[in-house]
Number of protein chains: 2
Amino acid sequence: MARFLVLLEGPWATLIVRELLHGPHRFTELREALPRISPHTLTSRLRRFEAHGLVVRTAYPEIPPRVEYRLTPLGERLGPVLQAMSDWATSIPDPVRGR
Amino acid sequence: MARFLVLLEGPWATLIVRELLHGPHRFTELREALPRISPHTLTSRLRRFEAHGLVVRTAYPEIPPRVEYRLTPLGERLGPVLQAMSDWATSIPDPVRGR
DNA sequence: CGGCATCCGCTAAGATACTG
DNA sequence: CAGTATCTTAGCGGATGCCG
């Protein structure tokens, strides 16, 4: 539980994982799939996911360079969790404005 | 989904909801159930939950004062989400140290 | 008992510019 | 293409002290 909270800190983390659940993505593909994310942020999150064994990074030494990010089995097991979040979010009858 | 992310920002938010899933709690009861949380943080999270309709706050004008926090039906529907998180967290075979 | 006020550190994230 | 570097902002959370 604590691990989950640390790993998926910040609004972008879960969105990135969600995107990767659709299959492996290149850096640019992720940027396109996640409007408004900065390369800085994207890199930062991906590096953490890598360090925690959620994602594997594969660099192909080509010209131009190509890098692929793919979920590990551990990362893929996050699917149900994100689905539960999504279910909850879309079940809200009357969005309460707050703050 | 976005709503979920905003609401449950920070490591304490989910833990507080989790505690309230066990039933209504007084302020002090929450503090005891959540070791190390500061009153500042607890108040801050509870106020946000209130503003977003996740929690209702009931103050009893007694001496000494008593305040009860109770999940709304919306808040209670978070149960499955937190369960999914917990399931994932406890399913980790070999915790990877990182960062 | 149940807070609020204030200050402060840490980190997620944005903006911008540049590189192998 | 896939980043890195630097600077800045904003919000969570801890610490301390006071109050009705």
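Owing to the predicted nature of the structure, the values given are computational and were not obtained by experimental measurement. First the proteins, then the strands, lettered A, B, ... as listed; each starts at 1.
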Phosphate contact (dA2(D) OP1 or OP2) by R26(A) side-chain N/O below 4.0 Å: yes
dG14(C) phosphate, OP1 or OP2, under 4.0 Å from T41(A) side-chain N/O: yes
T41(A)-S38(A) side chain donor-acceptor pair, cut-off 3.5 Å: yes
Nearest to side-chain heavy atoms of W12(B), which nucleotide of dG14(D), dA13(C), dA2(D): dG14(D)
dA12(C) phosphate, OP1 or OP2, under 4.0 Å from R45(A) side-chain N/O: yes
Closest listed nucleotide, where the reference is the side chain of P11(B) and the choices are dC4(C), dC12(D), dT4(D): dC12(D)
Presence of R47(B) side-chain N/O under 4.0 Å of dC4(C) phosphate oxygens OP1/OP2: yes
4.5 Å side-chain heavy-atom contact, V55(A) and I16(A): no
Distance test, side-chain N/O of T28(B) to OP1/OP2 of dG2(C), below 4.0 Å: yes
N or O in side chain of Y69(A) less than 4.0 angstrom from dG3(D) OP1/OP2: yes
side-chain hydrogen bond (donor to acceptor under 3.5 Å, both in side chains) partner of Y69(B), chosen from R57(B), R26(B), E29(B): R57(B)
N or O in side chain of R57(B) less than 4.0 angstrom from dG2(C) OP1/OP2: no
From CA spacing to verdict: side chain to side chain donor-acceptor pair (under 3.5 Å), E68(A), H25(A): CA-CA 6 Å; E68(A) 189 185 79; H25(A) 282 64; over 6 Å; no
Mutual orientation of the aromatic rings belonging to W88(B) and F4(A) [parallel < 30°, tilted 30-60°, perpendicular > 60°]: perpendicular
Which residue lies more 5' along DNA chain C, comparing L46(B) with P65(A) via nearest heavy atoms: L46(B)
Contact under 4.0 Å: R31(B) side-chain N or O vs dG2(C) OP1/OP2: no
Short side-chain N/O contact from R48(A) to OP1 or OP2 of dA12(C), under 4.0 Å: yes
Residue met sooner reading DNA chain C from 5', once P39(A) and E9(A) are mapped to nucleotides: E9(A)
Gap between atoms CG and P, on L30(A) and dC1(D) respectively (whole Å): 14 Å
